[in-house]
Structures are given as C-alpha cells and as structure tokens.
Engineer: 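I'd like to ask some things about the structure below.
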Amino acid sequence: MEVVILPTSEDCAEIAATAIERLVHTKPSAVLGVATGSTPIPLYRRLIRGRHSDASLSYANVHAVLLDEYVGLGREHPQSYRATIRQELTDALGIPDHQVHAPDGTAEDLQHEGQRYEAQLAAVGGVDIQILGIGSDGHLAFNEPGSSLTSRTRLKTLTARTREDNARFFGNVNDVPHHVLTQGLGTILEARHLILLASGTSKAQAVRDAVEGPLTAQCPASVLQWHPHVTVLLDRDAASLLSRAEYYRYTWAHKPAWQGI
Ligand code: PGA
C-alpha cells in the first residue's frame with residue numbers, strides 16, 4: 001500500500017488524474033471504476049479540464065462502472081448515483097451513456113441484481129482503476145462495518161450514521177433510502193489498481209483505522225491492505241492521525257518521478 005500525503009485535495013486530484021489519463025492514453029477502452037460523494041469532485045473537475053486541454057485524449061471507448069446505487073431510485077432520479085455520475089463526470093468526458101454501468105436500484109429481482117451486475121463487470125473486462133472514498137465509519141462503497149471481507153455485489157442496509165452523512169444530498173434524512181446495492185469488498189479487490197481519496201479531519205480516524213489498524217470487517221476499508229496495488233491519496237487533515245506520516249512523506253519525496261503511482 002502506498003500512502004501519499006499532500007497539502008490539499010487538489011494536489012491529490014492531480015496525482016489521481018495523471019494516473020487515469022496515462023491509463024486512457026495507453027488503453028483507450030479502459031474500465032474506470034468511479035465513486036460518488038463529495039471526495040472525488042476535485043478529481044472529476046480536473047479530469048474534465050484535462051479532457052478539454054488535450055485533444056489527443058478520448059474517453060469515447062472508456063467504460064465507467066459505479067460502486068453502488070440506492071434501492072428505489074430509478075436511473076433518472078437526480079440523487080441516483082447513475083444520474084449523479086453522468087452529471088458530475090461521464091457526460092462531460094464524453095463517455096456514452098450505454099458505457100456507464102451501475103446496479104439497478106429499481107430491479108424487480110433485487111435478490112439477483114448483484115449477480116447480474118457482477119456479470120456485467122466481467123463482460124467489460126474488469127476494472128482497471130477504481131476510485132474510492134471512505135466513510136467516516138470506515139465503510140468502502142456501501143460496505144458498512146461488519147461486511148464480509150470477501151463479499152460480492154448485494155443488497156445492504158445503511159447505518160444511521162451513513163444516512164445522516166448523506167442527508168445533505170437529499171435535504172432531509174428521511175428521504176435517504178435505507179437500502180442500497182453495493183459492490184462487495186471481494187468485488188472491489190478484483191480491480192487492478194485501487195486509488196482511495198480522503199480529505200478533511202472527519203475522515204482522519206477512519207483513514208488511520210484503514211491504513212494502520214488491523215485487517216477487520218469492523219473497518220471495511222482495511223481490506224485495502226489485502227490488495228497488491230493500492231494508492232491512498234490524503235490531504236493533510238485526513239492524514240493527521242497517522243503514526244507513520246513522516247515515513248510516508250519521506251518515501252514519496254524520494255520516489256523516482258518516472259514511476260507514477
Ligand atoms: P464522501 O463519501 O466522499 O461524500 O465523504 C465517501 C463515502 O461515503 O464513501
């Protein structure tokens with residue numbers, strides 16, 4: 001696991017965007033795993049700027065796959081993650097709508113929707129780079145504490161804390177759905193490169209638990225320790241509780257520039 005501590009979330013966005021642009025240049029049909037929430041917004045803005053300033057960069061053949069979706073919200077509902085990612089990223093990058101994939105929160109057969117989505121992920125060839133945020137309770141995608149470390153895409157119930165954290169997008173906590181479909185931790189581990197972004201002091205404890213704590217279902221994001229290629233990009237505040245911060249800074253400062261992340 002590579003832990004990179006930078007002054008601001010904009011600096012983190014620059015590193016992640018460079019890795020994504022490098023991927024799309026070398027593999028125009030790349031599969032990009034995307035996350036919703038506030039954390040990746042600086043990255044998405046930076047990617048959109050990058051697309052406009054580099055005429056040789058095309059996302060026309062890229063597939064975007066989402067981590068999760070609210071149950072009960074159709075694809076046109078403004079708070080559905082599918083509508084959100086189109087508005088925040090994929091439309092502006094020029095990724096065609098039929099190449100944006102998400103679990104269907106209105107599927108008639110919710111019990112088997114996870115399996116259908118897993119088959120879809122396999123059909124596009126698996127995820128090349130997966131962007132991740134982290135919940136203040138340590139959740140990864142919508143895998144709340146206690147989620148099996150080998151879980152697959154399935155129905156989950158949100159904690160009260162997550163519903164309160166996400167109430168800002170809905171205006172009222174009562175409007176936040178109780179149920180979601182989410183990629184499992186085992187599903188996420190199959191992406192070839194995981195990039196976790198975190199910013200702000202509200203994430204500092206969860207980041208510490210995930211990066212320096214034990215591997216445990218009580219902190220689902222600690223499962224990242226099991227993956228062979230993980231980059232954790234943190235702003236100063238999100239890194240504020242890490243005990244090995246000095247070592248991570250030293251390592252980054254001495255890394256050969258050609259190596260990338
Ligand atoms: P946030 O959400 O980026 O809006 O903080 C992250 C998450 O809940 O995984």
Side-chain angles (χ1 to χ4, degrees), residues 6 8-13 16-17 32-47 65-71 73 78-85 87-89 102-103 105 127 129-147 151 153 156-171 173 175-185 187-189 191 194-211 217-224 227 230-241:
L6 298 167
T8 69
S9 56
E10 303 292 330
D11 300 320
C12 297
L32 197 54
V34 287
T36 48
S38 305
T39 307
I41 297 298
L43 167 62
Y44 296 163
R45 293 201 179 123
R46 164 60 187 77
L47 286 172
V65 302
L66 274 156
L67 287 167
D68 41 21
E69 184 59 279
Y70 289 111
V71 166
L73 303 194
Q79 298 310 330
S80 76
Y81 280 171
R82 202 173 186 295
T84 301
I85 204 67
Q87 201 208 331
E88 286 174 353
L89 183 70
V127 175
I129 290 183
Q130 176 65 57
I131 300 301
L132 296 162
I134 184 170
S136 59
D137 62 359
H139 71 220
L140 199 63
F142 272 141
N143 294 279
E144 297 284 26
S147 293
S151 48
T153 306
K156 288 292 282 183
T157 305
L158 296 180
T159 61
R161 181 169 175 180
T162 298
R163 291 183 67 241
E164 276 158 26
D165 281 352
N166 288 3
R168 67 190 192 280
F169 298 114
F170 288 82
V173 71
D175 293 336
V176 183
H178 285 269
H179 297 106
V180 291
L181 288 157
T182 180
Q183 284 191 33
L185 296 172
T187 318
I188 293 167
L189 286 179
L194 303 178
I195 300 180
L196 178 86
L197 295 162
S199 52
T201 49
S202 65
K203 301 296 175 69
Q205 185 61 50
V207 166
R208 182 180 179 161
D209 292 345
V211 171
Q218 295 312 308
C219 176
S222 68
V223 81
L224 298 182
H227 192 280
V230 180
T231 310
V232 178
L233 297 170
L234 306 171
D235 77 355
R236 203 187 282 121
D237 290 340
S240 57
L241 296 180

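Atoms within each ligand, like the ligands themselves, are counted from 1 in listed order.
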Engineer: At what distance is the nearest protein heavy atom to atom 3 (O) of ligand 1, and which residue and atom is it?
Structural biologist: Thr39 OG1, 2.4 Å

Engineer: In terms of residue, atom name and distance, what is the protein heavy atom nearest to atom 2 (O) of ligand 1?
Structural biologist: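 Residue, atom and distance for the closest contact: Lys203 NZ, 4.1 Å.
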
Engineer: Will you find, in the side chains of Thr8 and Asp11, an N or O donor that is under 3.5 Å from an N or O acceptor?
Structural biologist: yes

Engineer: Can you tell me if Thr39 uses its side chain to pair, donor with acceptor, with the backbone of Ala198 under 3.5 Å?
Structural biologist: no

Engineer: Measure the distance from atom 6 (C) of ligand 1 to every protein heavy atom, then report the residue, atom name and distance (to 0.1 Å) of the closest one.
Structural biologist: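 Going by distance alone, atom 6 (C) of ligand 1 is nearest to Ile134 O, 3.5 Å.
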
Engineer: Enumerate the atoms of ligand 1 whose separation from the nearest heavy atom of Gly37 is less than 4.0 angstrom.
Structural biologist: 3 (O), 4 (O)

Engineer: Less than 4.5 Å apart, any side-chain heavy atom of Ile195 and any of Leu43?
Structural biologist: no

Engineer: For the residue pair Phe142 and Tyr81, categorise the inter-ring angle as parallel (less than 30°), tilted (30 to 60°) or perpendicular (more than 60°).
Structural biologist: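 Judged by the thresholds at 30° and 60°, the geometry between Phe142 and Tyr81 is parallel.
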
Engineer: Can you measure from CD (Glu69) to OG1 (Thr36) and round to the nearest 0.5 angstrom?
Structural biologist: 8.0 Å

Engineer: What protein heavy atom sits nearest atom 9 (O) of ligand 1, and how far away is it?
Structural biologist: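 Atom 9 (O) of ligand 1 sits closest to the protein heavy atom His139 NE2, 3.3 Å.
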
Engineer: Within the structure, does Arg168 bring an N/O atom to less than 3.5 angstrom of an N/O atom in ligand 1?
Structural biologist: yes

